[in-house]
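See structure below.
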Amino acid sequence: MSQKITVAVAGAGGRMGREVVKMVLEDPELTLVAAIDTSAGPVDAGTLVGKPDTGVVVSAVLADALAASRPDVLVDFTNPKSAMPNTETALAYGVRPVVGTTGFTPEQIAELDKQCKDKGIGGLIAPNFSIGAILMMKFSAMAAKYFPNVEIIEYHGDQKLDAPSGTSIKTAEWISEARQELRQGNPNEEEVIEGARGGYYNGFRIHSVRLPGVFAQQEVVFGAFGQTLKIRHDSYDRAGYMPGVNTAIKKIMNVTGMVYGFEHFLD
Ligand SMILES: NC(=O)c1ccc[n+]([C@@H]2O[C@H](COP(=O)([O-])OP(=O)(O)OC[C@H]3O[C@@H](n4cnc5c(N)ncnc54)[C@H](O)[C@@H]3O)[C@@H](O)[C@H]2O)c1
C-alpha cells in the first residue's frame with residue numbers, strides 16, 4: 001500500500017479501544033491521528049498502551065477531533081448509547097466508520113446505510129470481529145437446517161450493558177434464515193419465574209449469562225430425538241479481535257454502503 005490509512009479511535013481508553021490503539025500503532029500501514037474518549041483524556045494516546053510520545057492526545061469531543069484530524073477511518077468501541085451518534089458524526093465528516101460496539105437496531109443500520117451511500121463511502125458494523133465466532137455462527141446456521149430445535153446460551157462479563165449480545169442476535173438471524181419457521185417447546189409452558197425461558201426470537205430462546213470472570217462465550221445447543229449437538233466458541237483475550245479490526249480498516253476503503261457483519265469481509 002503506497003499511502004498510509006489514517007485512523008481515529010473512539011473509546012480509546014476502554015478495554016477494546018486500547019487494543020485498537022496498540023494495533024494501529026504497531027501496523028506500519030496505519031497511522032493513528034486521533035483518539036477520543038469521554039473519560040480517559042487528556043493524555044498521550046500511547047500512554048494507554050505503554051507506547052508513549054505518539055503526539056496524539058486523547059480528546060473528549062468526537063466532532064472536534066474529526067474536524068482537526070480528518071481521518072480515513074473511525075474505529076468505534078464505545079457503548080450502545082454513543083455508537084449511533086458517533087457513527088452519524090463520522091459520516092457527516094466523510095469518515096468511514098468501523099464499529100465494533102453492539103446494540104444497533106435494524107432500523108438504525110438501514111438509516112446508516114443510506115447516510116453512507118449519500119456520502120459515497122463505506123462503513124462496517126460488526127457485532128463480532130473474531131473469525132472463530134463467525135465460524136460458530138456459520139456452523140450453527142448449517143446445523144439448523146437439520147436440527148430445527150435450538151437454544152442459544154451466551155456468556156459475558158457482568159459489566160456488559162446490552163443483552164442479548166450482538167453475536168447471539170446475529171446467530172439467531174442466520175438460524176432463522178436456515179430453518180423452517182418453528183415455535184418450539186410445549187405450547188402450554190408457563191414461566192414460574194419471569195424470564196426463566198430466556199428471550200424469545202422467532203420461535204426459539206436466547207439466554208444471557210452475565211458473570212464476573214467471564215469474557216465472551218457462546219453455545220448453540222441443538223436438540224433432536226436421542227441426541228444433542230453443541231457448537232461453542234470461547235474468546236479468552238481482546239487481542240483475538242484485532243486481526244479482524246485490522247482487515248476491516250483496510251477493506252473499508254474500497255466499499256460503499258454500510259456493511260453489517262465482518263463475515264462479508266472474509267474471503
Ligand atoms: N465487535 C466485537 O468483536 C466486540 C468485541 C468486544 C466488545 N465489543 C463491544 O465493544 C463495546 C466496548 O467494549 P469495552 O469492553 O471496550 O467497553 P469499555 O467500557 O471498556 O470501553 C468503552 C470506552 O468508551 C468510552 N466512551 C463512552 N462513550 C463515549 C463517547 N461518546 N465517545 C468516546 N468515548 C466514549 C468510555 O469512556 C470507555 O473508555 C461494547 O459495546 C462491547 O459489547 C465488541
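Fair warning: this is a prediction, and the values are worked out from it, not measured in the lab. Count residues from 1 along the sequence. Atoms within a ligand are numbered from 1 in the order they appear, just like the ligands themselves.
Here's the thing with Thr101: none of its N/O atoms is less than 3.5 angstrom from an N/O atom of ligand 1. Between Arg238 and ligand 1, no N or O atom pair is found at a separation short of 3.5 Å.
In this structure, the protein non-hydrogen atom closest to atom 17 (O) of ligand 1 is Arg15 NH2, 3.5 Å. The protein atom (non-hydrogen) at minimum distance from atom 21 (O) of ligand 1 is Gly14 CA, 3.2 Å. Atom 40 (C) of ligand 1 has Thr78 O, 4.1 Å as its closest protein atom, hydrogens excluded (heavy atom only). At the shortest separation from atom 7 (C) of ligand 1 among protein heavy atoms lies Met16 CG, 3.7 Å. Ranking protein heavy atoms by distance to atom 28 (N) of ligand 1, first place goes to Ser82 OG, 3.1 Å. The shortest contact between atom 10 (O) of ligand 1 and any protein heavy atom is with Phe77 CD2, 3.3 Å. Atom 8 (N) of ligand 1 has its closest protein heavy atom at Gly100 O, 3.8 Å. Counting protein heavy atoms only, atom 29 (C) of ligand 1 is closest to Thr38 OG1, 3.4 Å.
For Asp72, the side-chain hydrogen bond (donor to acceptor under 3.5 Å, both in side chains) criterion is met by Thr6, not counting sequence neighbours.
Contact annotation: for Lys81 versus ligand 1, there are no heavy atoms closer than 4.0 Å. Under 4.0 angstrom from ligand 1, the non-hydrogen atoms of Pro127 all belong to its backbone. Both the backbone and the side chain of Phe129 come within contact range of ligand 1, each with a heavy atom under 4.0 Å. Neither the backbone nor the side chain of Ser165 comes within contact range of ligand 1; no heavy atom lies under 4.0 Å.
Looking at Lys119, its side chain does come within 3.5 Å of a backbone N or O of Ala92 through a donor-acceptor pair. When atom types are taken as modelled, the side chain of Thr78 and the backbone of Ala10 share no donor-acceptor pair closer than 3.5 angstrom. Using modelled atom types, no side-chain atom of Arg179 and backbone atom of Ala144 make a donor-acceptor pair closer than 3.5 Å. Asn79 contributes a side-chain N or O that, together with a main-chain N or O of Ser82, makes up a donor-acceptor pair within less than 3.5 Å.
One finds no salt bridge joining Lys138 and Glu263 here, because no Lys/Arg side-chain nitrogen approaches an Asp/Glu carboxylate oxygen to under 4.0 Å.
Here is the list of ligand 1 atoms found below 4.0 Å of a heavy atom in Ser39: 37 (O). Residue contact check: Asn79 has heavy atoms under 4.0 Å from atoms 27 (C), 28 (N) of ligand 1. Residue Asn86 has at least one heavy-atom neighbour below 4.0 Å for each of these atoms of ligand 1: 30 (C), 31 (N), 32 (N). Atom numbering of ligand 1 starts at 1 in the shown order; those under 4.0 Å from a heavy atom of Gly13 are 39 (O). Atoms of ligand 1 found under 4.0 Å from any heavy atom of Thr102, numbered from 1 in the order shown, are 41 (O), 43 (O). Set against the non-hydrogen atoms of Lys160, the atoms of ligand 1 under 4.0 Å away are 43 (O).
The nearest pair of heavy atoms linking Ala90 to Leu66 is CA-CD1, 3.7 Å. Taking every heavy atom of both residues into account, Val33 and Pro71 meet most closely at CG2-CB, 3.7 Å.
Nearest-heavy-atom check against atom 39 (O) of ligand 1 across Asp37, Leu124, Ile36 picks out Asp37.
For NZ of Lys170, the number of neighbouring non-hydrogen atoms (other residues, nucleotides, ligands) closer than 6.0 Å is greater than 12.
Heavy-atom separations between Leu62 and ligand 1 are all 4.0 Å or longer.
Judged purely by distance below 3.5 Å, without hydrogens or angles, the side chains of Thr167 and Glu154 never pair a donor atom with an acceptor atom. Residues Thr47 and Asp44 bring no donor and acceptor atom of their side chains to less than 3.5 Å of each other.
In this pair, Tyr241 and Phe215 present their aromatic rings perpendicular. The plane angle is above 60°, beyond the 30 to 60° band.
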### Task
Please step through salt bridge (Lys or Arg N to Asp or Glu O under 4.0 Å) for the pair Arg197 and Glu189, ending with a clear verdict.
CA-CA 10 Å; Arg197 289 290 292 118; Glu189 178 182 82; 2.9 Å; yes
